[in-house]
Participant: 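Take a look at the following structure, please.
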Amino acid sequence: MGWEQIEISLPNCSALQVISFPVVQLHLNRTAMRASQKDFENAMNQVKLLKKDPGNEAKLKLYALYKQATEGPCNMPKPGVFDLINKAKWDAWNALGSLPKETARQNYVDLVSSLSSSLESSSQVEPGTDRKSTGYETLMVTSEDGITKIMLNRPTKKNALNVEMYHEIMHALKAASKDDSAITVLTGNGDYYSSGNDLTNFTDIPPGGVEEKAKNGAILLREFVGCFIDFPKPLIAMVNGPAVGISVTLLGLFDAVYASDRATFHTPFSHLGQSPEGCSSYTFPKIMSPAKAIEMLVFGKKLTAGEACAQGLVTEVFPDSTFQKEVWTRLKAFAKLPPNAMRISKGIIRNREKETLHAVNAEECSVLQGRWLSDECMNAVVNFLSRKSKL
Ligand SMILES: CCCC/C=C/CC(=O)SCCNC(=O)CCNC(=O)[C@H](O)C(C)(C)COP(=O)(O)OP(=O)(O)OC[C@H]1O[C@@H](n2cnc3c(N)ncnc32)[C@H](O)[C@@H]1OP(=O)(O)O
């Protein structure tokens, strides 16, 4: 195994610094959803062949995934604050938490594949068309074997949804609804599925002040949730780890929810001075009974994967060690079914609810707009951002 030297520069560093990646020569099998050791080694080789520098963020992700895939969870002492390069590497690796080696290997292969296509295609991209399926900042989107996979890709932030990610998910869903895949899958990269709305979204106040901020947030949320309501093909969530806030509420709009037994489901809206969204005020009472929905959405009760399955929010739970393998095997079989039949059957089941769901969505967004201006909400956000509180 040789070593490829890849340069990384960090803010406040006067010179380019160097991170090394191990590289071996082999061939990439892109059709496998589950990366073999051979795929992994091929991906390492492909890194060497990248024509353009993928940037520091991508290189740190590659480093972290490589370490996780080969050594498991971060086992190095934390570097000092002035050791910027090693601290950045340590942070990236440590953020992967207890992500299984096999998942890290798969994510590494996916990342290299997405970097290869985006860097190769960037020279052919027309001006203004920078949101091709391979050119996302916050997602990894791949399409193969009849399955479009949308992977939330901010693992160091626990896949919190920033404004960019809301827009990119909408874009990816619209593209997936028109592509030739049979089913679409949403999942998370790293140890979390998603920690929900990025609370720093609240910090960027426009000239119109907090009222304008709240209004824009409500418009964005309504459009975002609307894309899930209207999605025409089978939409499947692979909940690979803990899920918080909007990443949980949206599950009521998915057609199947497969969860790792590491996943938890938490909607701490009252703790945050907020109120339910994602149509959960309508879907959750129907799925699990009003009393159980109130335990989650009003009292913030966190459910295990097993509990969420017992209450109908999750379709099936898998041991984390076999989660990826078992679910992808199943999804590949689903994707071989006639796509038009699946689309039409989904429509028959879902379409009569659509109007109601859009009305619920509008009402929830309007209520939330008011909540975001409340002292209760502002205090909760300030407490999180000043590191005084976490969930
Ligand atoms: C416009 C549409 C609005 C739709 C509204 C939706 C409502 C919701 O979704 S409500 C849910 C909001 N989410 C939260 O309140 C979660 C806040 N995060 C946490 O409590 C914790 O981070 C955690 C329990 C999820 C994880 O704790 P852990 O100790 O394991 O990791 P951390 O060190 O805290 O996280 C690593 C890194 O990631 C940042 N981060 C994580 N989640 C968020 C988030 N939701 N918003 C912003 N940033 C988040 C965290 O700050 C750390 O960043 P640094 O490494 O830079 O410190």
Side-chain angles (χ1 to χ4, degrees), residues 57 60 64 73-74 78 81 87-88 90-99 138 152-170 188-206 210 212-228 241-251 262-281 296-298 300 302 361 364-374 376-391:
E57 198 180 336
L60 281 170
C74 182
K78 189 172 184 174
V81 280
K87 169 85 170 35
W90 187 91
D91 283 343
W93 183 11
N94 190 49
L96 296 181
S98 57
L99 185 73
T138 66
L152 309 178
N153 191 28
R154 297 182 73 216
T156 57
K157 298 290 178 186
K158 310 289 182 195
N159 296 324
L161 281 85
N162 61 9
V163 172
E164 173 85 346
M165 198 189 269
Y166 285 109
H167 284 290
E168 290 196 342
I169 292 172
M170 288 193 279
N189 187 13
D191 60 343
Y192 261 63
Y193 176 65
S194 168
S195 63
N197 187 40
D198 188 317
L199 296 176
T200 65
N201 287 340
F202 289 104
T203 56
D204 178 23
I205 307 297
V210 285
E212 187 184 331
K213 180 85 201 165
K215 187 173 158 213
N216 293 343
I219 292 169
L220 174 63
L221 180 61
R222 187 170 169 184
E223 191 189 349
F224 178 71
V225 174
C227 288
F228 287 83
V244 183
I246 189 163
S247 72
V248 177
T249 56
L250 283 174
L251 295 175
R262 263 192 339 101
T264 52
F265 300 83
H266 195 191
T267 48
F269 298 129
S270 301
H271 301 70
L272 294 166
Q274 298 185 38
S275 51
E277 25 59 3
C279 293
S280 57
S281 63
M296 277 194 85
L297 298 174
V298 178
K302 189 198 284 189
N361 183 26
E364 286 178 347
C365 293
S366 158
V367 172
L368 248 184
Q369 185 176 336
R371 285 279 82 212
W372 287 329
L373 297 171
S374 70
E376 288 177 343
C377 177
M378 287 187 193
N379 289 340
V381 172
V382 169
N383 282 340
F384 174 78
L385 296 177
S386 58
R387 301 292 183 265
K388 282 194 201 138
S389 76
K390 269 186 198 179
L391 296 176

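Counting convention: from 1, in listed order, for ligands and their atoms alike. One is the number of the first residue; the rest follow in order along the sequence.
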Participant: Can you pull out the closest protein heavy atom to atom 30 (O) of ligand 1? Residue, atom name and distance to 0.1 Å, please.
Facilitator: K158 CE, 3.6 Å
Participant: For atom 45 (N) of ligand 1, which candidate among T264, V381, N197, I219 provides the closest heavy atom?
Facilitator: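 Ranked by closest heavy atom to atom 45 (N) of ligand 1, first place is N197.
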Participant: Quick one about N201 and N197 (side-chain donor to acceptor, distance below 3.5 Å, no hydrogens or angles considered), yes or no?
Facilitator: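 Distance-only check passes for N197 and N201.
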Participant: Can you list the ligand 1 atoms lying under 4.0 Å from a non-hydrogen atom of S195?
Facilitator: 12 (C), 13 (N), 14 (C), 16 (C), 25 (C), 41 (C), 42 (N), 43 (C), 44 (C), 45 (N)
Participant: With a 4.0 Å cut-off on heavy atoms, is T156 touching ligand 1?
Facilitator: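 It does; at least one heavy atom falls under 4.0 Å.
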Participant: Would you please name every residue forming a ring pair (Phe, Tyr, Trp, His ring centres under 6.0 Å) with Y166, sequence neighbours left out?
Facilitator: F224
Participant: Looking at NZ of K157 and OG of S195, how far apart are the two atoms once the value is rounded to the nearest 0.5 Å?
Facilitator: 10.0 Å
Participant: Heavy-atom distance from atom 52 (C) of ligand 1 to the protein below 4.0 Å?
Facilitator: no
Participant: Which residue and non-hydrogen atom of the protein lie closest to atom 47 (C) of ligand 1, and at what distance in Å?
Facilitator: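 Answer for atom 47 (C) of ligand 1: D198 OD1, 3.1 Å.
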Participant: Going by the order shown, which atoms of ligand 1 are within less than 4.0 Å of some heavy atom of Q274?
Facilitator: 7 (C)
Participant: How far is atom 40 (N) of ligand 1 from its nearest protein heavy atom, and which residue and atom is that?
Facilitator: K157 O, 3.8 Å
Participant: Which is closest to atom 44 (C) of ligand 1 in terms of heavy atoms, A214, S194, A160?
Facilitator: A160
Participant: Going by distance only, is there an N or O of I246 that falls short of 3.5 Å from an N or O of ligand 1?
Facilitator: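 It does: an N or O of I246 is found under 3.5 Å from an N or O of ligand 1.
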Participant: Just which atoms of ligand 1 are under 4.0 Å from any heavy atom in L272?
Facilitator: 10 (S), 11 (C), 12 (C), 15 (O)
Participant: Distance under 4.0 Å to a non-hydrogen atom of G196: what atoms of ligand 1 satisfy this?
Facilitator: 9 (O)
Participant: Can you tell me how far the CG atom of L272 sits from the CZ atom of F384, to the nearest 0.5 Å?
Facilitator: 9.5 Å
Participant: How does W372 reach ligand 1, if at all, at less than 4.0 Å between non-hydrogen atoms: by side chain, backbone, both, or neither?
Facilitator: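 Only the side chain of W372 comes within reach of ligand 1.
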Participant: Atom NZ in K215, atom CH2 in W372: separation rounded to 0.5 Å?
Facilitator: 13.5 Å
Participant: Would you call R222-E364 a salt bridge at under 4.0 Å N-O?
Facilitator: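 Salt bridge flag = no for E364 with R222.
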Participant: With R154, which of D198, T138, N159 fulfils side-chain hydrogen bond (donor to acceptor under 3.5 Å, both in side chains)?
Facilitator: D198
Participant: Which ligand 1 atoms does Y166 reach within 4.0 Å, using its non-hydrogen atoms?
Facilitator: 2 (C), 3 (C), 4 (C)
Participant: What's the shortest heavy-atom distance between V210 and L373, and which atoms?
Facilitator: O-CD2, 3.5 Å
Participant: What's the shortest distance from atom 33 (O) of ligand 1 to any protein heavy atom, and which residue and atom give it?
Facilitator: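 For atom 33 (O) of ligand 1, the nearest protein heavy atom comes out as K390 NZ, 3.5 Å.
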Participant: Please list the nearest protein heavy atom to atom 48 (N) of ligand 1 with its residue and the distance rounded to 0.1 Å.
Facilitator: F384 CE2, 3.8 Å
Participant: Please compare F224, F269, Y192 and report which has the shortest non-hydrogen distance to atom 23 (C) of ligand 1.
Facilitator: Y192
Participant: Do the charged groups of D191 and R262 touch, with an N to O distance under 4.0 Å?
Facilitator: no
Participant: So for ligand 1, is L391 a polar contact partner (N or O within less than 3.5 Å, distance only)?
Facilitator: yes
Participant: What distance do L391 atom CG and T264 atom OG1 have between them, rounded to the nearest 0.5 Å?
Facilitator: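 So the CG of L391 and the OG1 of T264 are separated by 9.5 Å.
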Participant: How far is atom 7 (C) of ligand 1 from its nearest protein heavy atom, and which residue and atom name does that atom have?
Facilitator: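 Protein heavy atom at minimum distance: E277 OE2, 3.2 Å.
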Participant: Can you sort out the partners of N153 under side chain to side chain donor-acceptor pair (under 3.5 Å), two or more places apart, ordered by chain and number?
Facilitator: N189
